[in-house]
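Here is the structure we will look at, set down as structure tokens.
A note on names: the letters A, B, ... follow the listed sequences, proteins ahead of strands, and every chain is numbered from 1. Treat the numbers as computed from the prediction; the structure is a model and nothing was measured.
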Amino acid sequence: MNLDPTDFPVSTVISWFEANARPLPWRDPATSAWAILLSEVMSQQTPVARVAPIWQQWLDTWPDVESFAQARSDEVLRAWGTLGYPRRALRLLECARVIVARHGGKVPADVDELLALPGIGDYTARAVACFAFGQNVPVVDTNVRRVYSRAVEGRPLAPPASKRELAQVASLLPERKGPVFSAGLMELGALICTATSPLCDVCPIQADCAWVQAGKPAPTEDELRSKKVQKFAGTDRQVRGKIMKVLREADAPVGQSKIDVVWPDKAQLSRALFSLLDDGLAVQDDQGLFHLPGQ
DNA sequence: AAGGCGGGGAC
DNA sequence: GTCCCAGCCTT
């Protein structure tokens with residue numbers, strides 16, 4: 001028994017959000033479009049609670065896109081710290097340089113122009129268009145997919161991201177208050193309609209939720225099979241992280257011996273190191289020493 | 001469509 | 001230990 005999208009309790013979500021929104025620093029109305037873009041990129045796969053303090057420090061160091069565009073890669077990677085997926089930091093630097101070089105230092109408001117920027121995909125482009133420029137475009141992140149999947153389709157697990165969901169979520173958008181509605185959907189997914197233990201008892205749209213009405217069915221075997229969480233312990237990703245930590249904390253180029261101690265499997269260590277060089281996250285100088293990229 | 005890519009906190 | 005997180009990019 002699905003919920004007809006035209007019956008989705010839009011105004012309930014909006015009023016719930018206005019009463020329960022977390023005071024995230026980038027929700028200050030004075031936040032610039034660049035600072036909002038920065039918050040979105042940092043929040044790609046990193047919980048917002050970890051992002052907030054780094055975001056503040058970052059803007060203290062580089063208050064605007066022009067100043068950041070002149071930063072050196074090694075400064076940027078150190079400021080990024082342990083937010084994870086440091087390729088995002090390099091793409092952010094490229095992104096800022098494109099905004100300065102091709103958009104006169106102004107973050108573009110057009111979704112297609114945003115999509116053309118390095119590191120900006122379907123979610124982030126629309127989040128910036130919506131939250132920085134007030135446009136009524138669908139903003140679909142993991143929270144929105146989960147809320148839509150449960151409340152409208154009665155399915156316990158959000159399906160893998162697809163273009164179809166953009167149209168589905170677009171069909172829910174109200175005429176005027178798209179941005180606050182989208183922020184509300186995301187917040188509902190982050191605080192109430194959570195992945196593992198949703199707080200249905202205090203959910204403002206519980207009475208309309210197709211999943212609740214269906215008796216909160218568990219995921220089917222097929223749905224579970226399509227999930228599959230990624231391992232971390234023992235993967236190249238973990239080894240890369242350990243090497244990057246050495247490079248971030250070094251005040252001079254380091255020799256192979258400083259890298260050898262972070263991981264016992266030499267073949268895997270070598271593979272991880274080469275992949276970092278390939279990604280431009282590490283550089284080897286003419287004496288064979290390793291360091292973060294400069295420039 | 002699938003798989004790689006960090007790291008920390010909740011359980 | 002497992003699971004998740006305001007995804008993006010390449011293949």
Side-chain angles (χ1 to χ4, degrees), chain A residues 17 21-22 24-27 36-55 77 80-92 94-95 114-132 138-148 157-166 169 179 182-191 193-199 219 224-248 262 268 271-272 274-276 278-282:
Chain A
F17 176 69
R22 291 167 293 178
L24 300 175
W26 45 86
R27 286 181 175 163
I36 289 175
L37 186 155
L38 177 64
S39 77
E40 296 297 347
V41 171
M42 286 181 166
S43 300
Q44 293 165 357
Q45 296 290 279
T46 302
V48 296
R50 286 177 56 203
V51 166
I54 304 294
W55 181 83
L77 288 168
W80 192 259
T82 63
L83 283 181
Y85 295 140
R87 296 191 295 195
R88 284 185 292 164
L90 292 186
R91 292 193 191 117
L92 190 58
E94 298 172 39
C95 175
L114 285 161
L115 281 170
L117 296 171
I120 307 297
D122 280 325
Y123 165 73
T124 307
R126 289 175 176 79
V128 170
C130 175
F131 300 135
V139 181
V140 182
D141 74 334
T142 185
N143 290 305
V144 172
R145 291 197 295 114
R146 189 173 54 248
V147 172
Y148 187 93
L157 274 184
S162 72
K163 298 291 182 187
R164 192 174 63 100
E165 301 186 84
L166 275 179
V169 174
S182 290
L185 272 189
M186 291 172 63
E187 197 78 341
L188 194 60
L191 300 182
C193 194
T194 55
T196 47
S197 304
L199 306 174
L224 282 177
R225 207 168 307 123
S226 69
K227 266 195 40 140
K228 217 186 289 198
V229 303
Q230 285 189 338
K231 296 282 174 278
F232 174 60
T235 62
D236 289 4
R237 244 161 66 242
Q238 183 182 21
V239 183
R240 283 165 57 103
K242 287 180 178 294
I243 297 171
M244 286 301 290
K245 176 177 165 66
V246 170
L247 298 182
R248 279 197 311 271
V262 306
Q268 187 176 22
R271 188 168 69 237
F274 275 113
S275 74
L276 289 174
D278 195 47
D279 284 345
L281 286 164

### Message
Taking only the C1' atom of each, what is the distance from B:dG6 to C:dC5 in whole angstrom?
### Response
11 Å
### Message
Nearest whole Å is fine: how far is C:dT10 P from A:Arg87 CZ?
### Response
9 Å
### Query
Do A:Arg88 and A:Thr46 have a side chain donor and acceptor closer than 3.5 Å?
yes
### Message
For a quick test of reading the model, state the closest non-hydrogen atom pair linking A:Gln268 to A:Thr235 and the distance between them.
### Response
NE2-C, 3.4 Å
### Task
May I have the distance from A:Arg237 (atom CZ) to C:dG7 (atom C1'), rounded to whole angstrom?
13 Å
### Task
Would you mind reading off the distance between A:Arg240 atom CZ and B:dG6 atom P, rounded to a whole angstrom?
4 Å
### Query
Looking across every strand, which nucleic acid part, if any, lies under 4.0 Å from A:Ala195 by heavy atom: base, sugar-phosphate, or nothing?
sugar-phosphate
### Task
Could you check whether A:Gly84 gets within reach of a base, just the sugar-phosphate, or nothing at all, counting any heavy atom under 4.0 Å?
base
### Query
Taking the C1' atom of each, how far is B:dC5 from C:dC4, in whole Å?
16 Å
### Length of the CH2-C1' vector between A:Trp80 and B:dC5, whole Å
13 Å
### Message
Within the structure provided, determine whether A:Phe131 and A:Val139 are in side-chain contact (heavy-atom separation under 4.5 Å).
### Response
yes
### Rounded distance in Å - CD (A:Gln44) to C1' (B:dG4)
15 Å
### Task
For A:Asp279 and for A:Ser162, find the nucleotide of DNA chain B with the closest heavy atom, then tell me which residue's nucleotide is more 5'.
A:Ser162
### Message
Between B:dG4 and A:Gln230, counting only base atoms on the nucleotide and side-chain atoms on the residue, is there a donor-acceptor pair under 3.5 Å?
### Response
yes
### Query
Quantified in whole Å, what is the C1' atom distance between nucleotide B:dG7 and nucleotide C:dT10?
23 Å
### Query
Of A:Leu24 and A:Gly119, whose closest DNA chain C nucleotide lies nearer the 5' terminus?
A:Leu24
### Summary
The residue, A:Ala125 or A:Thr194, whose nearest nucleotide of DNA chain C is more 5′ is A:Thr194
### Message
Side chain of A:Arg248 only, heavy atoms from C-beta on: which candidate in B:dG7, C:dC3, C:dA6 is closest?
### Response
B:dG7
### Message
Taking atom types as they are modelled, would you say the side chain of A:Thr46 forms a donor-acceptor pair with the base of B:dG6 within the 3.5 Å cutoff?
### Response
yes
### Message
Quick check on C:dC4: is either OP1 or OP2 less than 4.0 Å from any side-chain nitrogen or oxygen of A:Thr196?
### Response
no
### Summary
Here the distance between atom P of B:dG8 and atom CG of A:Leu83, to the nearest Å, is 10 Å
### Query
Tell me: CZ of A:Arg50 to C1' of B:dG7, nearest whole Å?
5 Å
### Query
Looking for any heavy atom pair under 4.0 Å, which part of the strands does A:Arg146 touch: base, sugar-phosphate only, or nothing?
sugar-phosphate
### Message
What I'd like to find out is whether the side chain of A:Arg22 reaches to under 4.5 Å of the side chain of A:Val48, using heavy atoms alone.
### Response
yes
### P atoms of B:dC11 and C:dA6, separation to the nearest Å
15 Å
### Message
Mind checking if A:Arg27 touches a base, just sugar-phosphate, or nothing, with heavy atoms under 4.0 Å?
### Response
base
### Task
Would you mind checking if A:Arg126 and A:Asp122 are paired as a salt bridge, meaning a charged N to carboxylate O distance below 4.0 Å?
yes
### Task
For A:Pro160, answer base if it contacts any base atom (sugar-phosphate contacts may also be present), sugar-phosphate if it contacts only those atoms, and nothing otherwise; contact means non-hydrogen atoms under 4.0 Å.
nothing
### Query
Does the side chain of A:Gln44 come under 3.5 Å of the side chain of A:Tyr123 through a donor N or O and an acceptor N or O?
no
#### Entry: Rounded interatomic separation in angstrom, taking CG from A:Leu90 and P from B:dC5
15 Å
### Task
Report which part of the nucleic acid A:Ser39 touches: base, sugar-phosphate, or nothing (heavy-atom distance under 4.0 Å, all strands).
nothing
